[in-house]
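Worksheet: the structure to be examined is printed underneath.
Order of listing sets the numbers, starting from 1, for every ligand and every atom in it. Only heavy atoms go into these numbers, but all of them, side chains included; no hydrogens, no water, no symmetry mates. Here, residue 1 is the first one in the sequence, and each next residue gets the next number.
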Amino acid sequence: MRKEMVPEIRQARQKLKGLFGDRSPTVGLILGSGLGRFADSLADKVVVPYGDIPGFPTSSVAGHAGQLVLGRVGETWVLVMQGRVHYYEGYDMSQVVLPTRVLVASGCSILVITNAAGGVHPDLAAGDLVLLYDHINLMGTNPLMGPNDESLGARFPDMSNAYDRELRELARDVARHNGVDLRSGVYAAMSGPSYETPAEIRMLRAMGADLVGMSTVPEVIAANHMGARVVGISCVTNLAAGISPAPLSHEEVAETASRVEKKFVGLIGALAQRLGEVARS
Ligand code: HPA
């Protein structure tokens, strides 16, 4: 049975409130593998290691710093997860999405959820940034399993606009203004931690997936459950298994992510400011 969620959210929230005072974030960001540097660019930062926040799971994966950073981009206060935990680390889904729920409970009505992903669509190349317009959940579970807490959201939340259409338009506009070529695609989530086989990648392609990864979908479901609006962005760090003849490695993923970091940080910074205006309006 899933542990009761609301007291955990409240405790984490109270701890953060004590540290943040009246600086209230409106936009939350979850930074994927190797994409954490955006947090360093923020002004007036308050950094809180996950270990200091009651109930927060701590990540064991290289390239995931594991801290929450409150900071300012222009006029917008953002709350950034620099690193996330994954289902494959052995946490249950309610723990995986606790930080996401705390972002929303802390006032972030818009979340930008990012990840490193394998490119399944043959036109995608390593280094591409892709705006997600939908996902396929193949993790074999769902973060909303178990009793529903009506104070958080509905038992059967609608997922037909999980990646908010209007915010996708805005993200496209921001990318155009910043000279970033932003592709668009459907993200398939697998549990991992083994990478997919070439046959699994052919299956994903046949299903309509453009990207594959091991994160994001739980957070997107939890955010939608709580009524937050989501923007999803993948960084293609490698071609998926069988598309590239080379074996997949976490090193390749980290290398590509760091190569793309400057473009990514620029885009996310500009996007966060625009989203802040939307959140405040
Ligand atoms: N598969 C799954 N997850 C990933 C990949 C991949 O090819 N690349 C980065 N994360």
Side-chain angles (χ1 to χ4, degrees), residues 29-38 59-66 81-91 93 96-97 100 112-141 143 163 182-221 232-261 263-265 267-268:
L29 296 103
I30 302 176
L31 303 177
S33 294
L35 302 170
R37 286 275 293 283
F38 167 72
S59 177
S60 57
V61 185
H64 288 255
M81 281 172 62
Q82 201 173 25
R84 59 150 65 83
V85 299
H86 301 80
Y87 184 51
Y88 62 71
E89 291 176 76
Y91 294 105
M93 276 290 185
V96 171
V97 301
T100 306
V112 179
I113 305 184
T114 71
N115 59 63
V120 174
H121 193 292
D123 289 351
L124 291 175
D128 282 351
L129 295 181
V130 185
L131 183 65
L132 304 183
Y133 67 88
D134 211 338
H135 73 223
I136 302 173
N137 179 13
L138 294 168
M139 294 182 118
T141 183
Y163 301 82
L182 189 59
R183 317 296 303 271
S184 116
V186 173
Y187 178 93
M190 305 285 274
S191 71
S194 53
Y195 287 117
E196 303 70 35
T197 63
E200 286 166 344
I201 294 302
R202 290 193 295 274
M203 171 192 77
L204 295 178
R205 185 69 208 120
M207 285 176 157
D210 302 306
L211 301 141
V212 61
M214 306 173 192
S215 68
T216 299
V217 161
E219 292 113 320
V220 171
I221 293 172
I233 298 176
S234 286
C235 167
V236 178
T237 51
N238 57 281
L239 301 183
I243 296 181
S244 151
L248 272 53
S249 73
H250 186 60
E251 288 68 35
E252 181 191 6
V253 169
E255 261 169 47
T256 310
S258 83
R259 180 159 62 76
V260 177
E261 196 140 47
K263 172 170 77 164
F264 178 81
V265 168
L267 176 68
I268 295 293

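With a 4.0 Å cut-off on non-hydrogen atoms, V212 touches ligand 1 through its backbone as well as its side chain. The side chain of L248, and not its backbone, has at least one atom closer than 4.0 Å to an atom of ligand 1 (non-hydrogen atoms only; side chain from C-beta on). If you look at M190 next to ligand 1, there are no close heavy atoms at all, none under 4.0 Å. Residue contacts with ligand 1, taken as heavy atom pairs separated by less than 4.0 Å, do not involve A241 at all.
Among protein heavy atoms, atom 7 (O) of ligand 1 sits closest to N238 ND2, 2.9 Å. With respect to atom 1 (N) of ligand 1, the closest heavy atom belonging to the protein is E196 OE1, 2.8 Å. For atom 3 (N) of ligand 1, the nearest protein heavy atom (residue, atom name, distance) is G213 CA, 3.4 Å. Of all protein heavy atoms, the one lying nearest to atom 5 (C) of ligand 1 is G118 N, 3.4 Å. For atom 10 (N) of ligand 1, the closest heavy atom belonging to the protein is A116 O, 3.3 Å.
Looking at heavy atoms from C-beta onward, T100 lies in side-chain contact with I30 at the 4.5 angstrom threshold.
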Show every donor-acceptor pair shorter than 3.5 Å between a side-chain atom in residues 121-132 and any protein atom, with sequence neighbours excluded, or say none if there are none.
| residue | atom | partner | partner atom | Å |
| --- | --- | --- | --- | --- |
| H121 | ND1 | D123 | N | 2.9 |
| D128 | OD2 | A125 | N | 2.9 |
| D128 | OD2 | R183 | NH1 | 3.3 |

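T216 and N115 form a side-chain donor-acceptor contact under 3.5 Å, judged by distance and modelled atom types alone.
The ligand atoms of ligand 1 that sit less than 4.0 angstrom from a heavy atom of T237 are 8 (N), 9 (C).
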